[in-house]
2 protein chains.
Amino acid sequence: MAEHISENAPPLPASRSRETVTLADVARAAGVSTMTVSKVLRGTGAISPETQKRIFAAAGSLGYVPNRLAGALSARKSMLGAVLIPSIADAIYSEILSSLHSLLDDASLSLFIAESRMDPQVEERQIHDLLALRPAFLIRSGGIASTAQAQKLIRRMGVAHVQIWDGDDTGGPVSAGPSHIEAGKIAASHFHDLGLRKVAYIGAETGKDLCAGRRMESFAGCMRAKGAETALITDEHLPRQAESGEILTRRLLETYPGIEGIFYLNDAMAIGGLRTLLAAGYRVPDDVKVMGFNGTSREQTIRTRLTTISTDGWKLGQDVANAVLELMAGRSPDQPITCPLTFHRGNTT
Amino acid sequence: MAEHISENAPPLPASRSRETVTLADVARAAGVSTMTVSKVLRGTGAISPETQKRIFAAAGSLGYVPNRLAGALSARKSMLGAVLIPSIADAIYSEILSSLHSLLDDASLSLFIAESRMDPQVEERQIHDLLALRPAFLIRSGGIASTAQAQKLIRRMGVAHVQIWDGDDTGGPVSAGPSHIEAGKIAASHFHDLGLRKVAYIGAETGKDLCAGRRMESFAGCMRAKGAETALITDEHLPRQAESGEILTRRLLETYPGIEGIFYLNDAMAIGGLRTLLAAGYRVPDDVKVMGFNGTSREQTIRTRLTTISTDGWKLGQDVANAVLELMAGRSPDQPITCPLTFHRGNTT
DNA sequence: ATCTCGTTTGTTATCGATAACTCATAAATC
DNA sequence: GATTTATGAGTTATCGATAACAAACGAGAT
């Protein structure tokens, strides 16, 4: 029993000149068939302990690294998933991504990442490119438009599809995220409760981000319903950063004097806006009230506590990851994924 | 010539019950062989315009999405790359990731993303898992330790390997990033020029992040060389966030009274430190000078301009992406990738 | 001693594409 | 008109694994 290289082992092809170690190499070294190695390494099938030990030893000493691409092709099912978000560097998305990764990694799922830069055309191409990798699931931001054709393709290819960051939409794929209509309403109610009559919304990358657009419309609509008009200062091309907040706030001050409250697209832009307001001699919140969105400022500011609305990106990521796992297991996530909005009254309103 | 379905087309296997459209389906629809379709869709080989048109039409109407996994297996070369970073949500890494993606996406390279959470063991496993996907390249942070065995494996598998965020290391794989030794020196010089004698370094996740460790040592070493001692307030478990900056600064004030200057691990922690210092009645910079690292604060603060050292993450990402493309093309990047450090004197020193 | 059975291991056929040839056919050369 | 040369398109063999089924084997049952 000392020599286990059985002489009736099938004649496996000689190792290729490439230095890659394959299942066949391990099988030859352990004196078994490739199938046995495959079973042992994946923990399926019933293989005797001694054989297992021999195979593990052979795999270890050869430095075998399985080829999961080949495995996926053969098994017609991959442990790969894709995440497509508008912006990797945006704090809210990077937090969700990190959260998603932590849970999915535990389930041995690998993630492809792609960024659509808020461009529907890029989004469309990315979907196509990602589907070419035959992922088991696709997590997309609902904020970017995608054609019905792309949606159909995703469905036809049997990819578990979860939309994030858009809790309003219904009817489409499983979706998880905050309600932006609700967010706009919260901001409007707050400004109304403070008795403001002349307010503004400041945004960027207008028209590309459906979620921000919905927030804006909800905000303006609610203000109008309360009898107040909203100045909309937006720009199609400026990025959603502090500097754009500065620029657009300057533009607002020039165009609409006497504004009493500003609701910004996000915290970064609100921070920029505060710089401009303070530099221009406005007192906040006495002269102008300022409100942000996303809550990312709470980590970064020192004395200022921006009034803002936050969502728990980490929790959202975990919920989405769980939904994905459910979908992959063939179950459909029973309860809708809720993503609450938390209002933070700071010292800017 | 109206009917192009040639009757002597080879008998292709009947479409499987699965609804996936394969190259063979397109070939059958266009009345050609799979090889011809493959050539046309990849733009290789010489195929007549009419045949091409027919094939594109067939692919389009069938909604064909190529299986790049199968393609990679067959061609023994993939258009997949892997990025392994300590923290996806960390601003500096997410910016680099975004930058990398933008350039590599143009080259039709897809990215796997993985996060090691600063844990060498996780890093090791991630490397293994990522290599199982047979990427063409692997971009890793040099800040996390990985065993020589892992390095050897990466080399043996012929994966283009680029280390980021660590410009000090030499001898290993191609690496790109700022010099943390230099960063520590800059901070020390600044404090020395201001005439400070009692200074401190505040860090978190000590021992895990080799880069931060090198910064700390360089800083303390330079201060000592100038005749000043450095109090090291660090914690192994606290995350590198503003709140940890608050906590550790409180700890510092309790333990080492009379500190004149604090160099923080990053801007976020410095922001937290400023909160604590101001709340405790210290005047900054009159009583205590504060310095951060990474420059992420410059986007987020309002009146405070933190003295900090920044690097251009976007440029670093582009440089690394270009280096990867060079390596994949078989060339080795001629010039070393430099990543300058920019010193910003704000109003906290 | 024969037979059924359960445990272990091996065989065969794919998975969906691509590399490297080979084979027609029509144009070009002498 | 015969031979050479480009082209355009098809054949065959893999790539590295896995599914599904088949076979060998010793153990207990009859």
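Each chain gets a letter, A, B and so on, in the order the sequences are listed, and its residues count up from 1.
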Residues in salt bridge (Lys or Arg N to Asp or Glu O under 4.0 Å) contact with Glu123(A), at least two apart in sequence or another chain: Arg140(A)
Net bend of the helix from dA1(C)-dT30(D) to dC30(C)-dG1(D), end axes of five pairs each, nearest 10 degrees: 50°
Between Thr51(A) and dT9(C), does any side-chain N or O lie under 4.0 Å from OP1 or OP2? yes
With respect to the phosphate group of dA9(D), does any side-chain polar atom (N or O) of Ser48(B) fall under 4.0 Å of OP1 or OP2? yes
Counterpart residues, side chain to side chain contact (heavy atoms under 4.5 Å, CB included), relative to Ser78(B) (two or more places apart): Ala72(B), Leu80(B), Ala136(B)
Think Ser33(B) has a side-chain N or O under 4.0 angstrom from the OP1 or OP2 of dG10(D)? yes
Quick one: Gln52(B) CD to dT7(D) C1', roughly how many Å, whole number? 13 Å
From CG of Leu133(B) over to P of dG16(D), roughly how many Å is that when rounded to an integer? 15 Å
Atom-pair distance (CG on Leu73(A); P on dG16(D)), nearest Å: 12 Å
Sequence neighbours excluded, which residues qualify as side chain to side chain donor-acceptor pair (under 3.5 Å) partners of Gln318(B)? Ser99(B), Ser102(B)
To the nearest angstrom, how far is Leu41(B) atom CG from dA19(C) atom P? 14 Å
Quick one: list whatever passes ring pair (Phe, Tyr, Trp, His ring centres under 6.0 Å) with Phe112(A), sequence neighbours left out. Phe112(B)
May I ask you to decide if Ala89(B)'s main-chain N or O and Glu95(A)'s side chain share a donor-acceptor pair within less than 3.5 Å? no
Between dT7(C) atom C1' and Glu50(A) atom CD, what is the distance in whole Å? 13 Å
Could you list the residues that satisfy salt bridge (Lys or Arg N to Asp or Glu O under 4.0 Å) with Asp319(A), not counting sequence neighbours? Lys315(A)
Just jot down the side chain to side chain donor-acceptor pair (under 3.5 Å) partners of Arg125(B), sequence neighbours excluded, or say none. Asp105(A), Asp129(B)
Pairs under 3.5 angstrom, nitrogen or oxygen only, protein versus nucleotides 17-21 of chain D, please.
| unit_1 | atom_1 | unit_2 | atom_2 | d |
| --- | --- | --- | --- | --- |
| dA17(D) | OP1 | Tyr64(A) | OH | 2.5 |
| dA17(D) | OP1 | Asn67(A) | N | 3.0 |
| dA17(D) | OP2 | Leu23(A) | N | 2.4 |
| dA17(D) | N3 | Ser74(A) | OG | 2.9 |
| dT18(D) | OP1 | Arg42(A) | NE | 3.0 |
| dT18(D) | OP2 | Ser38(A) | OG | 2.0 |
| dT18(D) | O4' | Ser74(A) | OG | 2.4 |
| dT18(D) | N1 | Ser74(A) | OG | 3.3 |
| dT18(D) | O2 | Ser74(A) | OG | 3.3 |
| dA19(D) | OP2 | Arg42(A) | NH1 | 3.2 |
| dA19(D) | OP2 | Arg42(A) | NH2 | 3.4 |

Rounded to whole Å, please give me the gap between CG in Asp25(A) and P in dC15(D). 11 Å
So, do His161(A) and Gln151(A) sit near enough that their side-chain heavy atoms are less than 4.5 Å apart? yes
Less than 3.5 Å apart, which donor and acceptor atoms pair up between the side chains of residues 62-70 of chain B and the rest of the protein, not counting sequence neighbours?
| unit_1 | atom_1 | unit_2 | atom_2 | d |
| --- | --- | --- | --- | --- |
| Asn67(B) | OD1 | Leu69(B) | N | 3.0 |
| Asn67(B) | OD1 | Ala70(B) | N | 3.1 |
| Arg68(B) | NH2 | Ser110(B) | OG | 2.7 |

